[in-house]
Amino acid sequence: MSPRFDIAVVGGGAAGLAAAIAAAREGKATAIVDRMPRLGKKILVTGGGRCNLGRERLEAGLFSSTDPSLVASVFERFGTREITRFFEQLGLRIVSDGGRLYPATNQAASVLKVLELEVRRQRIEVFTGFEAAAIEPAGRTFVLPSVDGRKIEARAVILAGGGRSYPALGADGSAFALARALGHRLIEPVPSCVPLLVRDRMCHFLQGQKIRAGAEAWVEGRAVSRADGDLLFTAYGLSGTAVLDVSTEISVALNRDKKRRVEIRLDLVPAMGRDELNMEILRRLNDGWAEADLVSGLLPEKFGKTVAGWIPPGSRTEERIAAALAEALKNQRLQVQGTRGWNEAEFTSGGLDAGEIESERLESKIIPRLFLAGEICDVQGPRGGFNLSWAWASGTLAGRGAASGFA
Ligand SMILES: Cc1cc2nc3c(=O)[nH]c(=O)nc-3n(C[C@H](O)[C@H](O)[C@H](O)COP(=O)(O)OP(=O)(O)OC[C@H]3O[C@@H](n4cnc5c(N)ncnc54)[C@H](O)[C@@H]3O)c2cc1C
């Protein structure tokens, strides 16, 4: 006979752990199944190993989703205050670093540790190496077969199998298929918060150079997003926080909407306005500076040769040269060929249609007693603590919702 539980949670990442803890605290016999040998592997790499687990201010309006009202409703009931209290009750001290919340230890491992201790205290049964092959409704229960022939049964299921980013850490997109087989609609998942492929000699020549810059995503001649931050030139193209922050719109345009004219426009000298930069370059030209030195002191030395190469051939006057260089430095346009893909994407854009999830208990509107939480849902926040906030909040409410469904 297969083991039977009140609630089975598919996926032991951030959302699944929060869901299982919430369900077990309501007195329900709860199990977690996960395809990996260990739970919560992705938590360990978050925030560069520090785990940016939340935000001091958590604006639901910054998320994108097929159903923004679902996001707002979840954070109204389980926001920063509740997330902080949840962790502090588990014994984790939290500190704010410029509005971003981290464990005081500065180690993501501490976050996973306190969650694992609570899993043990709540006597949640854990099945690792258990890849759910299906969620089969069978009368008043569900049967969960694994790909290697094991089975468990449960009266309610919480599907928290994540998206597709960093598949080596567990979430490989296989969980989408479980929900689709039950009739859920999938908004095509695309890699999000991801470095970009740009075939341009400048990127190759400047590889390894990191500067502060502004970045704008342009799709079919229209600006769709803008960010300031780090810009890192690499052999394949561009990375850095400014690029990651505009990459979602670019990835959606290229990978889902199949747009062709997709550009990133860079402001390489964000500290100066265009006129000021123009005047400064003109002054340098009039003072007889060499072409390769024109941006010395404004950009790292390696840029000198590249920038000199932007002087339009046959420019006769210093005024024209200065204007052309100011334009190239403030509005460097680069065609984007693609993204670095799932292995380097911090999250997934797209997922299960959030409009098919009931907002009180996060129950599926299609299959009763199936609940959905975390990155598997079409809900994405910006970088920096938003996505884990969604995982904790949606997981907790789904856990409570599943537990409240039966006596
Ligand atoms: C490098 C990196 C850094 C990040 N840093 C931050 C950060 O600092 N702050 C922030 O807010 N967000 C960050 N994120 C995003 C955040 O980690 C995720 O949004 C969040 O962890 C998603 O949680 P989840 O539980 O929904 O999914 P996951 O954590 O991906 O967990 C899903 C689990 O389901 C399991 N699973 C999948 N399919 C099956 C199946 N068929 N059967 C059984 N088990 C299955 C997987 O093995 C996995 O353990 C980062 C992401 C990455 C990749």
Side-chain angles (χ1 to χ4, degrees), residues 52 55 57-68 71-72 98-100 163-165 187-200 202-203 210-234 236-271 273-274 327 329-342 344-351 354 375 377-390:
N52 179 190
R55 312 276 308 176
R57 280 171 54 96
L58 189 55
E59 300 97 329
L62 294 177
F63 281 75
S64 63
S65 170
T66 28
D67 186 1
V71 187
R100 296 172 178 219
R164 277 191 67 185
S165 63
I187 312 300
E188 188 186 343
V190 298
S192 172
C193 199
V194 60
L196 299 175
L197 300 178
V198 175
R199 234 175 277 127
D200 189 282
M202 169 174 66
C203 297
K210 192 176 183 183
I211 59 170
R212 296 290 294 175
E216 269 182 357
W218 282 68
V219 177
E220 306 283 359
R222 212 167 52 84
V224 292
S225 64
R226 190 195 146 74
D228 293 297
D230 290 336
L231 170 68
L232 175 67
F233 292 90
T234 68
Y236 59 76
L238 299 171
S239 187
T241 55
V243 171
L244 298 181
D245 287 345
V246 298
S247 67
T248 300
E249 288 77 6
I250 288 179
S251 181
V252 168
L254 287 169
N255 297 315
R256 190 187 298 154
D257 300 340
K258 311 293 178 212
K259 301 283 186 205
R260 288 176 174 216
R261 274 202 304 136
V262 179
E263 280 179 352
I264 187 161
R265 297 191 184 182
L266 302 173
D267 178 352
L268 300 171
V269 192
R274 181 186 302 251
E327 165 66 13
L329 288 162
K330 295 295 287 180
N331 189 21
Q332 184 61 222
R333 301 174 180 202
L334 297 167
Q335 185 77 25
V336 182
Q337 274 78 38
T339 73
R340 288 284 280 179
W342 291 112
E344 294 182 37
E346 274 195 24
F347 14 92
T348 305
S349 190
E375 196 173 314
C377 310
D378 176 31
V379 172
Q380 305 89 47
R383 207 173 40 82
F386 290 94
N387 291 293
L388 278 172
S389 297
W390 168 252

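FYI, side chains are in, hydrogens and waters are out, and symmetry mates aren't considered; it's all heavy atoms of this structure. Please read all numbers here as calculations on a predicted model, not as lab measurements.
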From [atom1] ([X]) to [atom2] ([Y]), nearest 0.5 Å:
X	Y	atom1	atom2	value
Q332	R265	CD	CZ	11.0 Å
T234	R340	OG1	CZ	6.5 Å
L334	W218	CG	CH2	14.0 Å
K259	L254	NZ	CG	11.0 Å

Worksheet item: Any idea how F386 and F63 line up, ring-wise: parallel (<30°), tilted (30 to 60°), or perpendicular (>60°)?
Response: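 It falls in the perpendicular class, over 60°.
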Worksheet item: What do the steps show when you test D267 against D228 for side-chain contact (heavy atoms from CB on, under 4.5 Å), and what is the final call?
Response: CA-CA 9 Å; D267 178 352; D228 293 297; over 6 Å; no
Worksheet item: Which is it for L231 and K210 under the side-chain contact (heavy atoms from CB on, under 4.5 Å) test, yes or no, and what are the steps along the way?
Response: CA-CA 6 Å; L231 170 68; K210 192 176 183 183; over 6 Å; no
Practice prompt. Check the pair D257, V252 against side-chain contact (heavy atoms from CB on, under 4.5 Å), reporting the backbone distance first and the verdict last.
Written response: CA-CA 6 Å; D257 300 340; V252 168; 3.7 Å; yes
Backbone N/O of [Y] and side chain of [X]: donor-acceptor pair under 3.5 Å:
X	Y	value
T348	R164	yes
S247	C193	yes
S65	V379	no

Fill in: Residue from N331, I211, L238 passing side-chain contact (heavy atoms from CB on, under 4.5 Å) with L266
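Considering N331, I211, L238, a side-chain contact (heavy atoms from CB on, under 4.5 Å) with L266 is found only for L238.
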Fill in: Under-4.0 Å salt bridge between R260 and E220
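Looking at E220 together with R260, the answer is no, because their closest N to O distance does not fall below 4.0 Å.
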Discussion item. According to side chain to side chain donor-acceptor pair (under 3.5 Å), who are the partners of R333, at least two apart in sequence or on a separate chain?
Written reply: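 Counting only residues at least two positions away or on another chain, R333 forms no side chain to side chain donor-acceptor pair (under 3.5 Å).
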Practice prompt. Determine whether the side chains of T241 and D245 contain a donor N or O and an acceptor N or O closer than 3.5 Å.
Written response: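 No, no side-chain donor-acceptor contact under 3.5 Å.
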